There are 2 protein chains.
Amino acid sequence: MSVNPEVVREVSEFNNYYNSLAELLNRHLADNNLSLSGLRVLVKLREEEDQCTAGKLIANLGIDGGYLSRILKTFETNQLISKRKSTMDGRTWYLQLTPKGRKLLEILEEGSAQQVSQLLEPLGTEQQLALAGAMKTVRHILSDDAKISADDITFRRDLQPGDAGFIMHMHGSLYAKEAGYNLDYEAHICKTFYEFLEAYNSSKDQVFLAMHGNQIIGSIAVLGHSRYATQMRWFLVHPDYRGLGIGQRLLTEAINAAKEKLFQKIYLITTAQQVPATTLFKKNGFRKSGEKHMPMWGLQLTEERYEIDLI
Amino acid sequence: MSVNPEVVREVSEFNNYYNSLAELLNRHLADNNLSLSGLRVLVKLREEEDQCTAGKLIANLGIDGGYLSRILKTFETNQLISKRKSTMDGRTWYLQLTPKGRKLLEILEEGSAQQVSQLLEPLGTEQQLALAGAMKTVRHILSDDAKISADDITFRRDLQPGDAGFIMHMHGSLYAKEAGYNLDYEAHICKTFYEFLEAYNSSKDQVFLAMHGNQIIGSIAVLGHSRYATQMRWFLVHPDYRGLGIGQRLLTEAINAAKEKLFQKIYLITTAQQVPATTLFKKNGFRKSGEKHMPMWGLQLTEERYEIDLI
DNA sequence: TTTTTTAATTGCTTTTGTCAAACAGATTTT
DNA sequence: AAAATCTGTTTGACAAAAGCAATTAAAAAA
């Protein structure tokens with residue numbers, strides 16, 4: 001993949017900037033006679049719990065072996081870690097934090113939190129949240145193991161100001177990018193929201209949102225259009241968050257909500273081109289009840305109607 | 001300002017993570033016999049151009065005086081910097097980079113860029129952009145001198161998929177937060193967009209967007225409702241970007257567009273509570289042509305109508 | 001003028017980190 | 001099975017990075 005020079009510049013500048021900041025944030029380490037490397041070792045040991053060897057630390061942290069050996073020795077004499085000889089290989093030792101080591105880490109983290117708090121103090125609530133979000137993004141893009149997991153996702157069932165607009169935004173931009181729909185599609189979505197908001201009634205309508213932090217990353221809704229039938233709409237999961245089961249979760253919630261509200265059937269309109277979505281619909285008991293070829297959103301598409309009976 | 005513990009956690013974790021990454025990114029320094037402190041000194045010297053003293057470096061970089069003195073000495077013997085005795089104070093020296101020093105910095109930055117490129121290589125284009133954006137955000141929130149300037153803002157006059165939704169989102173969430181409007185307001189905005197998108201005609205309608213990167217941070221539009229009059233709508237600048245003259249710029253563009261399209265007047269509807277906006281309208285020649293007290297968006301508001309004649 | 005303060009330097013020390021050699025257990029080769 | 005090789009860890013020697021305290025010289029204050 002080619003590299004954008006603008007991006008390189010920003011990353012370099014960021015690195016430059018962060019180097020100064022890091023100095024500030026790591027100042028408290030010295031108070032506990034710990035080097036940055038020492039800290040990283042302790043953190044890693046806690047992470048690996050019990051199955052960590054010196055070699056693993058060397059490989060993972062990129063520390064020189066000799067230096068590490070000394071670090072570990074002082075840790076041992078200070079009773080921050082304990083060693084346990086491997087039964088398989090007489091050369092290797094399994095390293096683990098002692099309660100004292102754990103405690104120190106906690107103290108360290110407390111100190112770090114204090115430094116950070118001081119840094120954040122002058123910022124407004126929103127800026128703080130924006131900062132956390134941006135940092136999470138950085139980490140998440142750069143590190144393999146900071147991948148978003150399903151645990152990071154929360155769900156909301158109330159519609160707050162700004163939500164509708166954002167869902168429309170997601171639909172407009174993502175369908176344009178992924179399926180090539182034109183502006184008409186967003187106009188259509190806008191119309192559906194207009195109709196919905198005009199007649200919003202929580203006893204028959206239900207929106208679900210998948211959130212990452214305070215960012216909407218997925219949506220679905222069931223809208224009671226008659227006594228018996230409810231329409232499912234706005235089913236979408238942001239591409240960065242696909243494959244985590246969020247779509248299924250939203251769909252389940254929507255179906256359950258429709259059942260709870262005693263609707264007899266759910267129907268939805270989609271296009272044949274939305275393969276992953278239609279696959280999911282079928283897997284959840286929906287069946288196709290109609291299709292129609294027509295020009296839509298600047299393309300030649302096949303509009304499909306799916307339905308499911310809820311008893 | 002109180003500090004959100006979730007944010008503290010993320011910042012701490014980020015710091016932890018970035019410490020490892022920094023090691024990687026700063027590895028090339030050793031190739032040039034430079035410590036991180038040394039680099040920071042050089043960078044600072046270039047920044048300050050000519051008026052930098054050792055004291056200033058100590059204060060700004062937080063380096064120990066003795067250590068700095070030695071760093072500077074080796075820099076001088078390597079002809080990376082030159083000293084010039086102050087005429088005001090016989091104790092202080094003004095430090096400046098020599099061409100050789102400048103050159104070294106460039107080489108260093110080239111090396112850094114290479115490291116960064118390697119890091120970015122496996123990422124997709126979008127991820128790279130997202131990364132740069134997030135880093136910029138971090139820097140921008142934390143550092144005083146990375147404040148956004150008017151130069152960073154660009155303007156766009158086309159409406160792309162996703163834009164409408166995002167403008168609605170901004171209106172919904174910001175007016176809720178800043179003015180306490182309820183969901184009805186977003187429904188209203190949605191209605192205005194619905195009407196607009198149904199009958200969009202570029203010969204009479206014009207949207208302007210203020211952008212920061214690829215993020216919409218301000219908007220305005222003039223919508224030709226009749227042969228003679230055009231309505232101004234969706235005038236909003238995100239709070240993080242106020243005070244940079246973006247509002248005025250948008251307003252000017254909108255008025256000019258209305259003139260170009262040969263409309264005779266512009267009118268707009270707002271509320272008396274929008275003091276900064278109405279002030280700007282008046283300053284630009286608008287006059288109040290009506291007002292009406294009424295309950296709106298969950299509050300008791302005064303709806304105001306403003307007009308301006310364009311000859 | 002004397003005293004105090006301030007900008008920078010120097011001497012001494014500790015901490016941090018690197019490199020190469022050594023060592024001991026494990027694995028492979030002969 | 002003995003020798004050779006490889007691997008995980010330790011040790012010794014050393015260099016670089018950084019901090020602390022005392023010193024010097026010019027400036028400012030008393």
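In this text the structure is predicted, and so the values were computed from the model without any measurement. Per chain, numbering begins at 1; letters A, B, ... match sequence-line order.
The side chain of Lys83(A) approaches dT10(D) more closely than any other nucleotide in the set dT10(D), dT9(C), dA8(C). Of the candidates dT10(C), dA26(C), dA27(D), dA27(D) carries the atom nearest the Arg91(B) side chain, counting heavy atoms from C-beta on. Of the listed nucleotides (dA18(D), dT18(C), dA8(C)), dA18(D) has the atom at the smallest distance from the side chain of Ser35(B).
Look at CG on Leu36(A): it is 16 Å from P on dT15(C), rounded to the nearest Å. Rounded to whole angstrom, the span from the CH2 atom of Trp93(A) across to the P atom of dT10(D) amounts to 8 Å. Atom CZ in Arg70(A) sits about 12 Å away from atom C1' in dT9(D), given to the nearest Å. Distance CE (Met88(B)) to C1' (dA28(D)): 14 Å, rounded to an integer number of Å. A straight line from CZ of Arg27(B) to P of dT18(C) spans 8 Å, rounded to a whole angstrom. Note: CG (Asp89(B)) to C1' (dA8(C)) measures 10 Å, nearest angstrom. Atom CG of Leu29(B) and atom P of dA17(D) are 10 Å apart (whole Å). Counting to the nearest Å, the P atom of dT9(C) and the CD1 atom of Ile71(B) are 12 Å from each other.
Between Tyr67(A) and Thr92(A), it is Thr92(A) whose nearest contact on DNA chain D lies nearer the 5' terminus.
Between Lys56(A) and dT9(D), a side-chain N or O to OP1/OP2 separation shorter than 4.0 Å is absent. For Lys73(A), a side-chain nitrogen or oxygen approaches OP1 or OP2 of dT11(D) to under 4.0 Å.
To the nearest 0.5 Å, atoms CG (Asp163(A)) and NE2 (His169(B)) are separated by 8.5 Å. Note that the CG atom of Asn15(B) and the CD atom of Gln115(A) stand 9.5 Å from one another [nearest 0.5 Å].
Taking the six-membered ring where tryptophan is involved, the planes of Phe14(B) and Tyr18(B) are essentially parallel, since the angle between them stays under 30° and well short of 60°.
Between the side chains of Ser117(A) and Glu121(A), no donor-acceptor pair is found at a separation under 3.5 Å.
Counting non-hydrogen atoms under 4.0 angstrom, Gly90(B) reaches the backbone sugars and phosphates but no base. Using a 4.0 Å heavy-atom distance criterion, Gly65(A) is classed as a base contact.
Classification of Arg27(A) and Glu23(A) as a salt-bridged pair fails, no side-chain N sitting under 4.0 Å from a carboxylate O.
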